[in-house]
Every structure is written in structure tokens, then in C-alpha cells.
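Values in this document were obtained by computation on a predicted structure and should not be read as measured data.
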Amino acid sequence: MLHCKSSKSKGLWALSPLAVFIVLYLVTSIIARDFYKVPITVAFMAASAYAVVISGGIPLRKRIDIYSQGAATGQMMLMLWIFILAGAFAHTAKVMGAIDATVNLSLTLLPGNMLLAGLFLAACFISLSVGTSVGTIVALTPIAAGVAEQTDTSVALMTAVVVGGSFFGDNLSFISDTTIVATSTQGCKLSDKFRINSFIVIPAALLILVVYLFMGAGIHSPQRIPEVAFVKVIPYLVVLFTAVFGMNVMAVLSLGIILTGIIGICDGSFDVFGWFGAMGDGIKGMGELIIITMMAGGLLELIKYNGGIDFIINRMTRHISSKRGAELAVAGLVSFVNLCTANNTVAIITVGSISKQIADRFGVDNRKCASILDTFSCAMQGIIPYGAQLLMAAGLAHLNPISILPYLYYPLAIGIAALLSILLRYPKRYS
């Protein structure tokens, strides 16, 4: 008994830095009724310092090394490079006039009441094709923000439409990291997992599409839309098509930067030094996002090192007694670990093997288990304000990530749909 009590105390203590962050940022902001009162960087800095202090039993230098390793993993650095390139591309495209041209083209092609639904469908299609939510957000968020300003619509709403649609492909695509990891850890085929996932999330996507059709009914396009400068749309079209055909997202963004430079210099939007300056300003604009991402990675690495994730895994799996309970445990595990790691792929990798053991022990279909892992991780990733997707979208749209949260209907819808699939034993053939 004493050992269990000690283990419980240690586990809760390991998770306490996350509580410090939540209290300092979310609770304080809610009390102040202003999410700009406490900068998210300060909240992460305080939580990180606290995590280093409580990680006793090892030298201070060792604690800092663990924190630094979490902030600079290979996957983390890849994410940061994408942020840097995305910032450079987004700002050079804006200075060159690509965003205005693309917005005008969108307003010309889509009737006003189809703007929300059209953006959602575009995000769903692109993310399904490229298998990445981040790539979709990079391509569409500047356009969504521009359309919002032109139509006097909430920028946060338009941005949330893109973020939501981006998780459609992140969850379903055959080339998505989450799909590949979920199926490989559960030992099932990609096509089987896709089939089950479709039964669960496509009805949710159709429901959200209908919601956007009704919400968009009151949106009116400007009466006078400027003439579209088609040549300035080329960088975005190239970015979209190369991404759809599977080019690496870093190569896609690099190509976009080069095209904006060539077109901008040729049409006189800027000279070579102006192009360099625009890239530099775009990179600087991503500074806070990069700092937040690194501090979140370091903080979560210390939580993991201190046993916080192992603790929650053990606590959530010890009272399982049925197939439904096993599925709920897997859903809870991947959701909580995703909350701690802010990365849906890492969350699935972390709990994949134990989820497989739970599934085999209680007779859960491996295909259903893979679908649960993927869907709940994407649902959680879509609503945490410190996840890469929301941070990226907020950075590109110049918003606080918290302001986007109230409009994130699709991630919430697939979470509810996945929960109902467990409680109602649906689809029955796989339940």
C-alpha cells in the first residue's frame, strides 16, 4: 500500500508541470478575460523552470540536458525548419501580392455562401492527398485569412475551417504518419483501417460541411472584386499541386519561395534585397512559434523522463474488464499522451504497443484499435492550443491560438463520433 501511494504521488508530481502551465496560462487568462494578458511563452518558461526544479535526484546539468534533448529531437528540428520556410514563403507571397491575387480568385470562383464549405472541402482534399495537416495549413491559412478580411468574416473562424479540414486527411490518408504508425503498431492493413475510419469520420465530415453551408449563408462577397493578377497566383497553385502529388513539404515551400522571388522581381514588387528582406521578416515573425515549440518539447521530455506518461498509462489500464472498456482505455491513453506530447504521431508510437496488448487480451479487433488510436489522437491534436497545427495556423493568420479554439468543429466532431463508435459498438462488423 505504501508503495502504491508513493508511486501515485510520484506520478502526479511528474505531471505537475503540465498543471502549472494550464493554471498560469488558461486559468489566469480566463479569469482576466483576456488571452493576451499572459504570453504563452512566459507560461511555458515558468512551467519549464518548475519542471527542471522538481526533477530531483539527478544533477542540474543532467536535467537541463534532458530538457534540451526534448527541445531538439530530429522530429522537432524538422518541424522548426518547416516553420522557418513557411514564414519566409508566407511573407514573401504577401509582399509580392500572391495572397491578394489568390483571395480575389477565390471570391470570383466561389459564391459568398459557399466560401466556408468550399474552404473546408479544399482542406479535406489537400490533406487527404498529401497526408499532412501542417502542409495543408501552410498552403491555405494565408488565403483563408485574406478571404476573411475581404468578406468581413471572422479570421479565427476561417482559420479554424482550414485547421479542421486539414485533420480529415491527417486521420484518413494512406500516406499520413499517424495512419502508418497506427496500422503498423496494431498489425493491420492500411486499407482495412481506412474502411473502418471512413464509417466513423465521414458522417462527421458531412455534418460539419452542412453546418458550414448554413453558417456561410450570411457571408457576402464584396460587390467589386479587383481584377485577378493570375501570374501572382502561380506560387500558391504550384505549392498546392506539388504537395498533392507528394513532394516533400520542405521542398514544396522552398520552391514556393523561389517562385515568389522570381515573379516579384520581374513585376517590380521588390528587388533582390527586398526579396531577402521579406524572407527575413517572415522568419522573424515565426520566432515566438519556434520558441514555444522548443519549450513545449523540452517540458514534455522532462514529464516523460520523470514517469508522468508511464504513470497515466498504468492508472488507466488497471480496471479494464470488457471489450468496450478496453477500447475506452486505448482512447483515453492516446488522448492523454497526446495532451502531454502535443504530437499525435508520437502519442500513437508511445502507446501503440500497450494498446496492442490491451486489444489482444480483450478481443478488440486490431483494425478498430488502429482507428481509435488515429482518430482520438487527431481529435486531441486538433484542439490543443500548443500543438504544431494550431500554432502554425495562428502564426500565419496573426492570431492567438486560443481565439481559434471555439470554431474547431471538425476535430470535436470526429472525437464525438469515435466515442459513439465505442459506446454503440459501431461499425458492428469490427466491434
Side-chain angles (χ1 to χ4, degrees), residues 90 94 98-130 133 135-172 201-228 233 236-237 239-240 243-244 378-379 382-383 389-390 392-394 396-417:
K94 180 179 181 180
I99 293 178
D100 290 338
T102 308
V103 168
N104 293 336
L105 179 62
S106 303
L107 294 174
T108 302
L109 296 177
L110 286 172
N113 60 359
M114 283 291 292
L115 286 176
L116 290 180
L119 266 177
F120 180 68
L121 283 174
C124 289
F125 171 73
I126 293 168
S127 61
L128 186 63
S129 302
V130 304
S133 49
T136 304
I137 288 168
V138 167
L140 289 182
T141 299
I143 298 171
V147 169
E149 292 174 0
Q150 286 285 334
T151 57
D152 198 26
T153 307
S154 167
V155 177
L157 169 61
M158 284 287 193
T159 304
V161 171
V162 171
V163 173
S166 74
F167 278 101
F168 179 83
D170 199 336
N171 179 224
L172 278 180
V201 303
I202 287 181
L206 292 174
L207 175 64
I208 297 304
L209 183 64
V210 171
V211 170
Y212 285 145
L213 283 171
F214 278 102
M215 290 181 66
I219 297 176
H220 301 288
S221 297
Q223 292 184 347
R224 294 183 180 180
I225 300 172
E227 186 177 345
V228 179
V233 180
Y236 270 114
L237 293 178
V239 164
L240 291 175
V244 165
C378 284
I383 59 173
Q389 291 83 355
L390 267 179
M392 171 67 80
L396 292 172
H398 306 292
L399 296 169
N400 186 304
I402 297 294
S403 66
I404 305 172
L405 286 181
Y407 304 105
L408 288 168
Y409 306 140
Y410 182 72
L412 198 61
I414 63 172
I416 293 172

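- When every heavy atom of Ala156 is checked against every heavy atom of Ser403, the shortest pair comes out as CB-O, 3.5 Å.
- Annotation for Met158 and Ala144: closest pair CB-O, 3.6 Å, computed over non-hydrogen atoms.
- No donor-acceptor distance shorter than 3.5 angstrom exists from the side chain of Thr141 to the backbone of Val138, with no hydrogens or angles considered.
- Heavy atoms only, all atoms of each residue included: Ala122 and Leu140 are closest at C-CD1, 4.0 Å.
- Between Leu213 and Ala117, the shortest heavy-atom contact is CD2-CB, 3.7 Å.
- Exactly one residue among Ser133, Cys378, Pro411 makes a side-chain contact (heavy atoms from CB on, under 4.5 Å) with Gln389. That residue is Ser133.
- Under the 3.5 Å distance criterion, the side-chain polar atoms of Thr159 are left unmatched by any main-chain donor or acceptor of Ala145.
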Please step through side-chain contact (heavy atoms from CB on, under 4.5 Å) for the pair Ile414 and Tyr410, ending with a clear verdict. CA-CA 6 Å; Ile414 63 172; Tyr410 182 72; 3.2 Å; yes
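- Remark: Leu399 CG to Ser154 OG distance equals 8.0 Å, nearest 0.5 Å.
- Between Thr136 and Asp170, every side-chain heavy-atom pair lies at or beyond the 4.5 Å cut-off.
- Of all heavy-atom pairs spanning Asn400 and Ala394, the tightest one is C-CB, 4.2 Å.
- Put simply, the side chain of Leu206 does not reach to within 4.5 Å of the side chain of Val210, judged on heavy atoms.
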Apply the test side-chain contact (heavy atoms from CB on, under 4.5 Å) to residues Tyr407 and Val161: give CA-CA distance (whole Å), side-chain angles for both, the deciding distance (0.1 Å), then the verdict. CA-CA 8 Å; Tyr407 304 105; Val161 171; over 6 Å; no
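- Using a 4.5 Å heavy-atom cutoff, the side chains of Leu408 and Leu390 are in contact.
- Residues Phe120 and Phe168 form no side-chain contact, since every pair of their non-hydrogen atoms from C-beta on lies 4.5 Å or further apart.
- Thr153 places none of its side-chain heavy atoms less than 4.5 Å from the side chain of Val147.
- Leu128 contributes atom CG, which lies 12.0 Å from atom OG of Ser166 (distance to the nearest 0.5 angstrom).
- Here the closest heavy-atom approach between residue Ser127 and residue Gly169 is recorded as OG-N, 2.9 Å.
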Does Val162 form a side-chain contact (heavy atoms from CB on, under 4.5 Å) with Ile143? I'd like the steps, not just the answer. CA-CA 10 Å; Val162 171; Ile143 298 171; over 6 Å; no
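- Rounded to the nearest 0.5 Å, atoms CG (Leu116) and CD1 (Ile208) are 12.0 Å apart.
- Once rounded to the nearest 0.5 Å, the distance linking CZ of Phe214 with CG of Leu209 reads 11.0 Å.
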